[in-house]
Amino acid sequence: MATVLFYLLGLVTVIATLLAITRRNPVHAVIYLVNSFFALALLFYLLGAPLVAAWEVIIYAGAIMVLFLFIIMMLELAPTPEADRMGPTWWQWLPVLLLALALVGCTLMLIGVDAGVAQGVPRWYATPRDFGFALFGKYALAVEVVSFQLLFAAVGAFYVGKPERKRRQKKEEGA
Amino acid sequence: MIDGLIMIVLILIKLGVIFAVIMTMAAYLVLAERKILARMQLRHGPNRVGPFGMMQPLADVIKLLTKEDFLPDRADKWLFLLAPGMAAVTAILTFAVVPFGPPLQVFGHELPLVVIDLNVGVLYFLGLSSLAVYGVALGGWASNSKYSLLGGIRGLAQLISYELSMGLALVPVVMLARSFSLTDIVLAQQAAPFILVNPLAFLIFLVSVVAESKRTPFDMPEAENELVGGFHTEYSGMRFGLFFVGEYINLVILSSMVTVFFLGGWLGPLLPGVIWFGVKVLALCFFFIWVRGSLPRLRYDQLMHFGWKILLPLALLNVLLTGAVLLWSRT
């Protein structure tokens, strides 16, 4: 039961995140990402960490994504070719509905399952010391790869953002 | 088997009663607000439908249900349709953790007067109130209208800013009660309600709660004279009604939260607990209406200034002071 839930939730997380990356409409991307955060929160609950699950919802879904949304709404993005059509059709919304239904199903299955005692997924206890050793000893390579990825993402964002601004400035100077 | 069946029936009855009471309270709060505001402005208020206008909420619901469900051109259809639901659902779900009375004895079963006593109840409340932002923001964005978008952006900024001070005002409460469970927090106030123990936290929480409920003097997201209707400008019929009802459900919930965290919840002499709880909640609702009747709206920059430069540092200082006092009193 718990193993099934684990893989189901993992699937929802991965699919929702993939959809978030590939959406052209930034607000829709935010909604998919929120969906994946909910799945992550349920995963944390399944692993016996209800507190982390609550934080996942409060901090990531409730605060950080709201800030994302705030910035997207402030940016006044130029309308994409998609926006000229009559708004999204039902098949564009099918994935998010299916993902949300899967989440609701998992939540219903979780009722009555006590956090952490679910078999199949081992429960971990770790002191900050153990955690630190595991993070920077055993998984040091993974941590470094992830941090490099973040650096690449930051550089990439600058690269993608800059020419656009320069072009606009030139146009304004010309006009 | 029979025992289990009785338990399930009791729980279902409890859920039904809670849902009915909240919806009725929300509907009649609308009427109460219109009546009280009218009296404060030397008017009569609604008094035609039924005795003293008591049937007005029913008439309003029938009116809203029969109005056209309007979809603006080029609006983001699904988000536009979903947003009012998000606003109402997050509001009503919060009530799940509110304990409104001491446990009852029914047919030899103990029936706790709370839907579920989560051990992370405070976090559940904060989480849902931070999710409530999405209804406002997405509703404003999806409408494809400048007024709605501005209202949505203001709503986002305001709710995020005041959520911080609201959460920080609850930290001393949790420190004093040593628990995240709302039932434990009520029981910890048996000696003295936390409004007497920590009045500063109460004041910060109260102001943040008024801001969270988007009511005057913090009604920037729907400031009528500049934004028409704010984030719900483009909504009509029952979808507007859902936003509206969600707002009043929110008012009931936030009043209950103030009652639970600072006024001692259901605790009180002589009268039964549920009645004490109801009296406190209604008194707070009256207070909110009173505030709306007497204060003008803040300017947007004043609102941000007040939230970030006054309330937030004050709340942090209060956490520090409470911690120091608790440490000092224990040694």
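The sequence lines fix the lettering, A, B, ..., with proteins before strands; numbering per chain opens at 1.
Around atom OH of B:Y300, more than 12 heavy atoms belonging to other residues, nucleotides or ligands sit under 6.0 Å away. Heavy atoms from other residues, nucleotides or ligands lying under 6.0 Å from CZ of A:F37 number more than 12.
Within the 4.5 angstrom heavy-atom criterion, atoms from both the backbone and the side chain of B:A157 approach chain A. For A:I59, no part lies under 4.5 angstrom from a heavy atom of chain B. Heavy atoms closer than 4.5 Å to chain A are found in both the backbone and the side chain of B:L123.
Counting heavy atoms from C-beta outward, B:L131 and A:V66 have side chains that stay 4.5 Å or more apart. Taking the side chain as every heavy atom from C-beta outward, A:I31 and B:L138 approach each other to under 4.5 Å.
Contact tally against chain B (heavy-atom pairs below 4.5 Å) for A:V57, A:V34, A:L69: the top residue is A:L69.
Residue pairs meeting the side-chain hydrogen bond (donor to acceptor under 3.5 Å, both in side chains) criterion with at least one partner in residues 173-183 of chain B, sequence neighbours excluded, are B:D117-B:S181, B:D117-B:T183, B:S179-B:D184.
Side-chain N or O atoms of B:Y134 include one that pairs as donor or acceptor with a backbone N or O of A:A61 at under 3.5 Å.
Between A:G62 and B:S130, the closest heavy-atom pair is CA-OG, 3.6 Å.
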Original post:
Do A:F70 and B:I153 pass the side-chain contact (heavy atoms from CB on, under 4.5 Å) test, and can you show the C-alpha distance, the side-chain angles, and the key distance before you say yes or no?
Top reply: CA-CA 6 Å; A:F70 184 67; B:I153 291 179; 3.4 Å; yes
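Interatomic distance, B:F125 CZ to A:I58 CD1, rounded to the nearest 0.5 Å: 10.5 Å.
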